[in-house]
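Here the structure comes first, spelled out in structure tokens, and everything after it is commentary.
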Number of protein chains: 2
Amino acid sequence: MSSILTPSTPRRATVVTLSELAGVAPSTVTRALKGDTRISQKTRDLILGLAKEHGYMPNALARTLSSGKSGLYGLVLGPAENPFYTELLHEATRQAEKLGFRLLIIHAGAGPIEDTTAQALIQYQVDGCIISSAILSSKAADICAQNNVPLVMVNRVALSHGCFVTCDNRAGGAEIARLLIARGRRRFGLVYTTSTSSTSREREEGFVAELEQAGFTLSHRFDGHSNYDGGFEAGREIAGLPADQRPDSVFALSDIMAMGVLDALRLASVDVPGEILVAGFDGVAASARPIYDLTTIQQPLSLMIQRAFELLQARTLDPNLPDELIAMRGKLVVRGSTGRA
Amino acid sequence: MSSILTPSTPRRATVVTLSELAGVAPSTVTRALKGDTRISQKTRDLILGLAKEHGYMPNALARTLSSGKSGLYGLVLGPAENPFYTELLHEATRQAEKLGFRLLIIHAGAGPIEDTTAQALIQYQVDGCIISSAILSSKAADICAQNNVPLVMVNRVALSHGCFVTCDNRAGGAEIARLLIARGRRRFGLVYTTSTSSTSREREEGFVAELEQAGFTLSHRFDGHSNYDGGFEAGREIAGLPADQRPDSVFALSDIMAMGVLDALRLASVDVPGEILVAGFDGVAASARPIYDLTTIQQPLSLMIQRAFELLQARTLDPNLPDELIAMRGKLVVRGSTGRA
DNA sequence: TTGGATTGCGCAAACGTTTGCGCAAAAAAT
DNA sequence: ATTTTTTGCGCAAACGTTTGCGCAATCCAA
């Protein structure tokens, strides 16, 4: 390999090749590019000029070997169908871009995460990891814990290792209950999920506890299977009941299930909010569509992501910081699906 | 740094530390782990045993420095709102996981891609890049071209550098036209987009050319702005026309816009498919929901992704392969929104 | 017994960047 | 004039893995 770039060897400029062009040591080049004032202004200007002229871009991988910081964060996503996760990905990507680092997609969607996939977090020396799926997270979480990689769960409660940033699900569930009670409803339906998800369990717990505190109980439970089709089937089941035996309000534990419920009720000509009030949780953009006009708890996604990155960055600097467990209040957004009292 | 791992220094096992434990050279360890039969079976077994015992995971970054192959592919995604891109991401992630490499999210959604973001492709030595957004792709495409990084555009036509894998958009547009004509419709509406996207232009061209070939013309054009809200507004505009001046069929250039059209028509009590047939393009999962029952052209997404990875891998092995420009026929999926003749 | 072939490794440098340590020249203080 | 301090760098090793080249011991054929 020639030591100076020539037209016939379109190899990228490196610190070494720039040092040869400038007649200085590679460490001088590195220091000049970093603005180290121990290198004279004249030398710094020379090196910066050459770097620009030759289109120098640092090799992030070599840099990581030396410095120990990769500028990469791993991301484990939840199911494709739920737009909440799509919005989470886009917001995380947008904020990462602004902060100058990159996201390595470790896993997306359903199905088990493979050992080799979780191991990629360590192999690529990610500076931290954001996980947004409960079922899939345990392998990734374990491997992060074993290797001292900072970990933040977003929209999930971490059971052992790592920080989390969630919406205050219980408070949100309670808030929906209060709204439905205030609207005069008395037969409360829940579209739930049997997933082991802490998120769903807490939302349900918050909802049920608030009902009980007001002297009411759940009248119906429908398994919504965490997805649109499950919500739709729940809606069909509700519509299939005699009118006087249906719930007069329904809380679906996520917007995607609520949207399924609403579509099924619409196709069955069940009047929302006249006959049944419907509420969801998450606050995805689609919940605002006129066809849904869905009352929901809006998770503060942008702030949750921002806080997640802050937690990760703080723990990159100081690996011994204690875990932080942050719950943020969601905002009740009242729309047409629960009437506009 | 001590040369042998001790409990107090929870540092990862490396080739060097394993070599010290085994009493062999680091190059022997590397070769043993790769199954090189020049290393004796006895030695290979010893090293593999130590690697397992110490939880050895190769450092992908160091490996890349040596071998030149990172096992990373860059991914540039389109807008969050269009579930087609979410499905593309999930499918790409799933296939990458199966093939044993990782996706670096370079950009997602709207807004300009920053120079530093595009440069990340080079800095992290990605083995290739998949781009699925037209407007955002030019910077990433340029930087790949300048640095000899294989590039595949999925669902976009590449203008200069790189391969592409698209759906045959013209044929798909033509197929929708034939269906609407066969259903006896004569006033053809188009929900288009002014985006510079080749995808949209080709779908429109295919549709219009087929109409003209049958002696018909477009009667209405509505700007759907590439998104749900635009489609919805187009639907409202259609619904706001006197019944005898509306199109009797509508082709939206993407499913997300078609879904907006359908929702608006439904809220305006315009009967689909009785009064107006509606068709879309992409074949996203949501198009099959009973509430939409949308006729569409189903892009063969899984195969497109598979082919994209094949193109990239082939060009990793042989950078001088000529670009391949692949168009795959979509499949017409006839559903209730165009009637079930 | 000897020479050639095979086997089973190791050496050393490289990939690209970083940084602790320290040197030599110049400048400043005494 | 001498000593001390400051300035402006460079040396060298490291980060972890890979691989071309080649050596020494063993085996086999003549």
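Lettering of chains follows the sequences in order, A, B, ..., and the numbering in each one begins at 1.
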message: With a 4.0 Å cutoff (strictly under), does any side-chain N or O of K34(A) reach OP1 or OP2 of dT17(C)?
response: no
message: Please confirm whether the shortest side-chain N or O distance from T30(A) to OP1 or OP2 of dT17(C) is below 4.0 Å.
response: no
Can you check the [X] [atom1] to [N] [atom2] distance for me, whole Å?
X	N	atom1	atom2	result
L18(B)	dC9(C)	CG	P	16 Å
R31(B)	dC11(C)	CZ	C1'	11 Å
H54(A)	dG16(C)	NE2	C1'	17 Å
R12(A)	dG16(C)	CZ	P	8 Å
L46(A)	dG8(D)	CG	P	15 Å
I47(B)	dT17(D)	CD1	C1'	14 Å
R38(B)	dT26(D)	CZ	P	21 Å
I39(A)	dT6(D)	CD1	C1'	15 Å

Taking all atoms of both residues into account, what is the closest heavy-atom pair of [X] and [Y], and its distance?
X	Y	answer
D127(A)	G71(A)	OD2-N, 2.7 Å
C144(B)	L121(B)	SG-CD1, 3.8 Å
A51(A)	L33(A)	CB-CD2, 3.9 Å
P79(B)	Y85(B)	CD-CE1, 3.3 Å
I305(B)	A92(B)	CG2-CA, 3.7 Å

Interface with DNA chain D, restricted to residues 56-71 of chain A and to heavy atoms under 4.0 Å: L65(A), S66(A)
task: Mind telling me whether F101(B) and Y73(B) have parallel, tilted or perpendicular rings, with 30° and 60° as the class edges?
output: tilted
Angle between terminal axes - the helix from dT1(C)-dA30(D) to dT30(C)-dA1(D), 5 pairs each end, rounded to 10°: 60°
- request: Test for a donor-acceptor pair under 3.5 Å between the base of dC11(D) and the side chain of S27(A), counting only N and O atoms.
  value: yes
- request: Decide yes or no, distance alone: a donor-acceptor N/O pair under 3.5 angstrom between the base of dC9(C) and the side-chain of S40(B).
  value: no
message: Salt bridge or not between K34(B) and D36(B)? Use side-chain N to carboxylate O under 4.0 Å.
response: no
message: Under 4.0 Å between a side-chain nitrogen and a carboxylate oxygen: does that hold for E91(B) and R94(B)?
response: yes
query: Is there side-chain contact between Q125(B) and V149(B), with at least one heavy-atom pair below 4.5 Å?
result: no
query: Base, sugar-phosphate, or nothing: which does V29(B) touch, judged by heavy atoms less than 4.0 Å apart?
result: nothing
